Amino acid sequence: MCGRYTLDISEDKLTTYLKTYYEIEQEIDHRFNLPRYNIAPGQRIITILKDGDKFRSGPLKWGFVPFWAKDEKIGYKMINAKSETLASKPSFKHAFKNKRCIILADSFYEWKKDKNGKTPMRISLKNRKLFSFAGLWSSYQKEDGTNLYTCTIITTEPNEFMESIHNRMPVILTKEQEKIWLDPYINDEEKLNTVLRPYNSNEMTAYPVSTIVNNARNETVECIKPIN
DNA sequence: CCAGACGTTGTT
DNA sequence: GTCTGG
DNA sequence: CCAGACGTTGTT
DNA sequence: GTCTGG
């Protein structure tokens, strides 16, 4: 599963990143408060989607609320979506065809179970670069008529590397895979499914961190500090 | 047909 | 809205 | 994901 | 146990 992650990059550098890879000229909202060391469900997160031929970056609340929901609380239960069943679940099938997005990150946390209980692990790419999770988004109309925009992170079976830590992992996309995933003109299930695969084990790395990260109120750099 | 759920993970 | 179960 | 609350009425 | 909030 994937229920916590980081985006350890300055506002300036992320601005450059968005321009370089996605031709996005927008400013980053200062309220994102970058860098971030403990991003949790329920928060507004930085995402990218494709609007026609242009990429757009925007904040989406993490926790998918289907447009037909009676109550937005359901979002707290929909922070992840199983890649294997996206096309058949009433909650996700529409978004799978029409509302795909990616979520920018540079690492994520998983709690590894051992004899002592749970140890939070920080997992990132060996090259330490930013990457993106595959996601789905939704627009939900609230009672007061305003819209709530939400998203979910897609999970898959673990690769060889992740197996020792957890039984699921988020779908991480290469830049090539992102092109397919974000292309609004593609809606062929089989084609889309080809990118929803576990990431290359050889490019991933992990280390244990302090349980400071357990509490989502703790947002300091201590969250990513290695422990013995 | 209508009613009621619609989700994931991990734990029991 | 759409699917499953009765 | 984990942490922390989880209830009502009436009175201060 | 189960829901809400971060």
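These figures come from a predicted structure and were not determined experimentally. By convention in this document, chain letters (A, B, ...) are assigned in the order of the sequence lines, proteins followed by strands, and residues within each chain are numbered from 1.
In this structure, A:S83 reaches neither bases nor backbone, as no heavy-atom distance under 4.0 Å exists between it and the strands shown. Within 4.0 Å (heavy atoms only), A:A69 reaches no atom of the nucleic acid at all. Residue A:I79 is classed as a base contact, given a heavy-atom separation below 4.0 Å to a base. Within the nucleic acid shown, A:Y109 has no heavy atom closer than 4.0 Å to any nucleic acid atom. Note on A:Y5: nothing from the nucleic acid sits closer than 4.0 angstrom, heavy atoms only. Across all strands shown, A:F92 has heavy atoms under 4.0 Å from sugar-phosphate atoms exclusively, and none from any base.
Residue A:W68 and nucleotide B:dC6 are classified as a stacked aromatic pair, their ring centres being separated by less than 5.5 Å at an interplanar angle below 30°.
The CG-P distance, from A:D71 to E:dC3, rounds to 12 Å in whole Å. Summarising the geometry, the separation between CD1 on A:I74 and C1' on B:dT8 is reported as 12 Å, rounded to the nearest angstrom. Whole-Å rounding puts the A:I153 CD1 to B:dT9 C1' distance at 14 Å. With rounding to whole Å, A:E72 atom CD is found 19 Å from B:dG7 atom P. Per the geometry, CZ belonging to A:R217 stands 16 Å off P belonging to D:dC2, to the nearest Å. Summarising the geometry, the separation between NZ on A:K77 and C1' on E:dG6 is reported as 18 Å, rounded to the nearest angstrom. D:dC1 atom C1' lies 15 Å from atom CD1 of A:I103, rounded to whole Å. Across the protein-nucleic acid pair, A:Y76 atom OH and D:dA3 atom P stand 17 Å apart, rounded to whole Å.
Closest approach to the A:K82 side chain among D:dC1, B:dT9, C:dC3 is made by B:dT9 (side chain taken as heavy atoms from C-beta onward). Considering only the side chain of A:T85, B:dT8 comes nearest among D:dC2, B:dC6, B:dT8. Distance from the side chain of A:N167 is smallest to B:dT9 among C:dC3, D:dA3, B:dT9. Residue A:N215 has its side chain nearest to D:dA3 when only D:dA3, D:dC1, B:dT8 are considered. In this structure, the nucleotide among E:dG6, C:dC3, B:dT8 sitting nearest to the side chain of A:R4 is E:dG6. Closest to the side chain of A:S91, out of B:dT8, E:dG6, B:dC6, is B:dC6.
Pairing partner, E:dT2: D:dA5, with both Watson-Crick or wobble hydrogen-bond distances short of 3.5 Å.
For the P atom pair drawn from D:dA5 and B:dC6, the interatomic distance equals 29 Å after rounding to whole Å. Separating the P atom of D:dG7 from that of E:dG5 is a span of 12 Å, rounded to the nearest Å. Comparing the P positions of E:dG6 and B:dG4 gives an interatomic distance of 33 Å, to the nearest angstrom. Separating the C1' atom of B:dC2 from that of D:dT8 is a span of 37 Å, rounded to the nearest Å.
Neither OP1 nor OP2 of D:dC2 sits under 4.0 Å from any side-chain N or O of A:T211. Look at A:K118 and you'll find a side-chain N or O under 4.0 angstrom from OP1 or OP2 of D:dC2. When the side-chain nitrogen and oxygen atoms of A:K73 are compared with OP1 and OP2 of E:dG5, none of them lie within a distance under 4.0 Å. Taking only side-chain nitrogens and oxygens, A:N214 comes nearer than 4.0 Å to OP1 or OP2 of D:dA3.
Note: A:F55 and A:Y22 have perpendicular aromatic rings, judged against thresholds of 30 and 60 degrees for the angle between ring planes. Aromatic ring orientation, A:F108 versus A:F133: perpendicular (interplanar angle above 60°, classes split at 30° and 60°).
Annotation: the span from A:E23 atom CD to A:K19 atom NZ amounts to 8.0 Å, rounded to 0.5 Å.
The backbone N or O of A:M162 sits less than 3.5 Å from a side-chain atom of A:N159, completing a donor-acceptor pair. Between the side chain of A:T205 and the main chain of A:L125, no donor-acceptor pair closer than 3.5 Å is present.
For the residue pair A:D8 / A:S107, no side-chain donor-acceptor distance below 3.5 Å is found, with atom types taken as modelled.
A:F64 has its ring centre less than 6.0 Å from the ring centre of A:F92.
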